[in-house]
Amino acid sequence: MNWADHSAYIELYPKEEFNYEECLLFLGRSDLEVTHQIRDGILYKLIKGDEECLLLKITGTSQSIKAEFPLGSCSAKARQEAAKYIWEWFDLDRDLEGFYNIARKDKILQPLIQNYYGLRIMGIPNLFEAITWAIMGQQINLTFAYTLKKRFTEQFGECLIFEGEPFWLFPEAEKIAALRVEDLRMLQFTSRKAEYIIGIAKAMAAGELTKEHLLQGSFEQMHSKLTAIRGIGSWTADYVIMKCLRHPNAFPIADVGLHNALKLQLALPSKPSLEEIREMAMGWEGWQAYAVFYLWRSLYV
DNA sequence: ATCCAGGAACTGT
DNA sequence: ACAGTTCATGGA
C-alpha cells in the first residue's frame, strides 16, 4: 500500500491505469445508494474502525486519492484503517497491465478499456454486506434492489448525522441474526430472501463464516464453500468473490446484465447463450471479473 | 397489461 | 445430471 499520512488527511497513490473519475461514476450510479454519498463531486463514506465510526471525505485526481476526516482529528491507527479501506475498496493492489494486454487483442474488450481506461472494480470489502447485497439483487431489477438495501440499512444500520445529513453503516450480521423472517418481509423482502439473509447473518455472527477463512482457499474452494450455503448459488458466489474476495477469475456467467451488455456491444439480435459466452471468454482467463465489470460499465451513461 | 429483472431452491424425471 | 416449477415484487 503506497500512501502518505499527513495527520489531518491521508493520501493514496495507486499505480498507473487508474482513473478516479471513472470509479466515481460507478459509485454515483444510483440515487438510492445509502452506504456512500456523493455531494458536489465529493465522496463521503462512513466506515467502522475499531469500535468507532469514521467519516471519510474523499477527493481524487488521476494520480492520487485524498481522504479527510470531517468529524475532526483521528488516531494514527484510524488513519491507517481508512487508508487500508480505501485501498481495498478501489482495488488498488491490482496491476491492470495484464488485463489491458489481453483486452487490447480482444474485439469485445478493446473498445471498453479505451472508453473506461483506469476503471477499477469497486468492491464491497465487508463480507456480510457483499453477500446480503447480492442476495437482495437476485432476480429483481436494480432499482428495486437499491430500494431494499436502503430500507434494510435505514431500519437496522447505524447512522451518523453530519451537517444535518445522515450517513449510514450497513447493518451488522449480529443484529440481523436476531431478526425473524417477518421483520424483513415488512420491507418487501421475499420470505426466501429473508430466510437466506438471516441464515447467513447467523452463520457469520457465530463465526462459522468469515472472510479470512474464505480467502485462505483457492478460487474453486471459495466458490464451493460459498455455494454450500443456502441462498448462495453460482451467480452469487461469483459476485461475492469478485467484489469482496477479489479473485480475478470470478465470472458470473449467468448474469443478466452481462448478457445485455454483450448483446449491446456485439449488436446481437438476442442475448447470447452460455455456450457462446464461454466461447467469447476464452481469452479472458485470469481477468474474467474485470471483463464483466467493464461490460457492466458499458450499460450505463 | 405484460414482460422481465445483476437467481436459487425445490421437485420430478 | 438435467429440465421444469415456484417464489414474489417492482420497473419499464
Side-chain angles (χ1 to χ4, degrees), chain A residues 25-35 108 112 116 119 121-124 129-152 154-155 170 181-203 209 222-247 249-265 268-275 277-278 280-281 284 288-301:
Chain A
L25 208 57
F26 175 83
L27 294 175
R29 69 191 173 141
S30 173
D31 296 331
L32 294 166
E33 181 61 65
V34 276
T35 53
I108 300 170
L112 302 180
Y116 315 131
L119 172 66
I121 296 179
M122 296 308 299
I124 305 174
E129 178 177 350
I131 296 176
T132 304
W133 169 237
I135 290 173
M136 286 181 196
Q138 289 171 0
Q139 188 59 18
I140 58 174
N141 63 73
L142 211 56
T143 306
F144 184 47
Y146 272 110
T147 300
L148 290 177
K149 174 174 156 182
K150 185 171 160 65
R151 288 178 189 158
F152 182 76
E154 291 179 349
Q155 180 88 39
F170 195 81
V181 168
E182 305 88 78
D183 298 324
L184 294 180
R185 283 286 299 152
M186 291 191 298
L187 309 182
Q188 320 289 151
F189 283 68
T190 64
S191 310
R192 218 51 81 66
K193 285 185 184 178
E195 289 166 17
Y196 299 162
I197 289 169
I198 293 170
I200 286 159
K202 282 181 172 157
L209 173 63
M222 293 176 188
H223 202 277
S224 58
K225 275 174 187 160
L226 284 168
T227 50
I229 299 165
R230 184 162 184 268
I232 302 184
S234 192
W235 177 86
T236 303
D238 277 300
Y239 184 89
V240 169
I241 293 170
M242 170 181 176
K243 301 273 284 189
C244 183
L245 305 178
R246 295 296 198 176
H247 199 293
N249 284 27
F251 191 27
I253 191 168
D255 182 79
V256 177
L258 172 65
H259 302 171
N260 287 332
L262 287 170
K263 175 172 179 269
L264 201 68
Q265 283 301 308
L268 302 172
S270 60
K271 289 192 262 189
S273 68
L274 294 186
E275 212 40 60
I277 298 173
R278 282 192 196 94
M280 298 172 195
W284 304 352
Q288 294 92 329
Y290 261 89
V292 169
F293 198 73
Y294 272 59
L295 281 158
W296 283 345
R297 170 64 182 82
S298 71
L299 286 173
Y300 54 86
V301 183

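Throughout, a chain's letter reflects where its sequence line sits, starting with A, and its residues are numbered from 1. Just so we're clear, the structure is a prediction, and the values are computed from it rather than from any experiment.
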* To do: Quote, to the nearest angstrom, the C1' distance that separates C:dT9 from B:dA1.
  => 16 Å

* **A:Arg278/A:Glu275 salt bridge by N-O under 4.0 Å criterion** => yes

* **Phosphate OP1/OP2 of C:dA8: any A:Ser191 side-chain N/O under 4.0 Å** => yes

* **Distance test, side-chain N/O of A:Arg192 to OP1/OP2 of B:dC10, below 4.0 Å** => no

* So what does A:Ile229 hit on the nucleic acid, given a heavy-atom distance under 4.0 Å: a base, only sugar-phosphate, or nothing? -> sugar-phosphate

* **Nearest-neighbour nucleotide for the A:Arg185 side chain, C:dG10, C:dG11, C:dA8 considered** => C:dA8

* Choose from C:dG11, B:dA8, B:dC10 the nucleotide whose nearest atom is closest to any side-chain atom of A:Thr236. => B:dA8

* To do: Find the distance A:Leu274:CG to C:dC2:P and express it as a whole number of Å.
  => 13 Å

* Asked: What integer distance in Å separates A:Leu299:CG from C:dA12:P?
  -> 15 Å

* Side-chain N or O of A:Lys271 less than 4.0 angstrom from OP1 or OP2 on B:dC4? -> no

* What is the distance, rounded to the nearest whole Å, between atom CD1 of A:Ile135 and atom P of B:dA8? -> 9 Å

* Which part of the nucleic acid, if any, lies within contact of A:Ile232, taking any heavy atom under 4.0 Å across all strands shown: a base, the sugar-phosphate backbone alone, or nothing? -> sugar-phosphate

* Kindly say whether A:Val34 contributes a backbone atom to a donor-acceptor pair with the side chain of A:Lys150 at under 3.5 angstrom? => no

* Asked: Taking CG from A:Asn141 and P from B:dC3, how many angstroms apart are they, rounded to a whole number?
  -> 17 Å

* Asked: For C:dG10, does either OP1 or OP2 sit under 4.0 Å from a side-chain N or O belonging to A:Thr143?
  -> no

* Touch class at under 4.0 angstrom, heavy-atom based, for A:Gln138 against every strand present -> sugar-phosphate

* Whole-Å gap separating C1' (C:dA8) and CE (A:Met136) -> 16 Å

* Is a donor on one side and an acceptor on the other found under 3.5 Å between the side chain of A:Tyr290 and the backbone of A:Ile121? -> yes

* Asked: If you find the nucleotide of DNA chain B closest to A:Ile140 and the one closest to A:Thr227, which residue's nucleotide is nearer the 5' end?
  -> A:Ile140

* Asked: Does any N or O in the side chain of A:Lys193 come within less than 3.5 Å of the main-chain N or O of A:Gln138, such that one atom is a donor and the other an acceptor?
  -> yes

* To do: Rounded off to whole Å, could you give me the OH-to-C1' distance for the A:Tyr196 and C:dC7 pair?
  => 8 Å

* Is a donor on one side and an acceptor on the other found under 3.5 Å between the side chain of A:Lys243 and the backbone of A:Met122? -> yes

* Asked: How close or far is atom C1' of B:dC4 from atom CG of A:Leu142, stated in whole angstroms?
  -> 14 Å

* **A:Arg151 vs C:dT9: side-chain N/O to OP1/OP2 distance below 4.0 Å** => no

* To do: Using a 4.0 Å heavy-atom cut-off across all strands, classify A:Phe189 as base, sugar-phosphate, or nothing.
  => nothing

* Whole-Å distance between C:dC7 P and A:Phe144 CZ? -> 17 Å

* Would you please classify the geometry between the A:Trp284 ring and the A:Phe251 ring as parallel, tilted or perpendicular, with 30° and 60° separating the classes? => perpendicular

* Asked: Under 4.0 Å: is that the gap between some side-chain N or O of A:Gln188 and OP1 or OP2 of C:dG10?
  -> yes

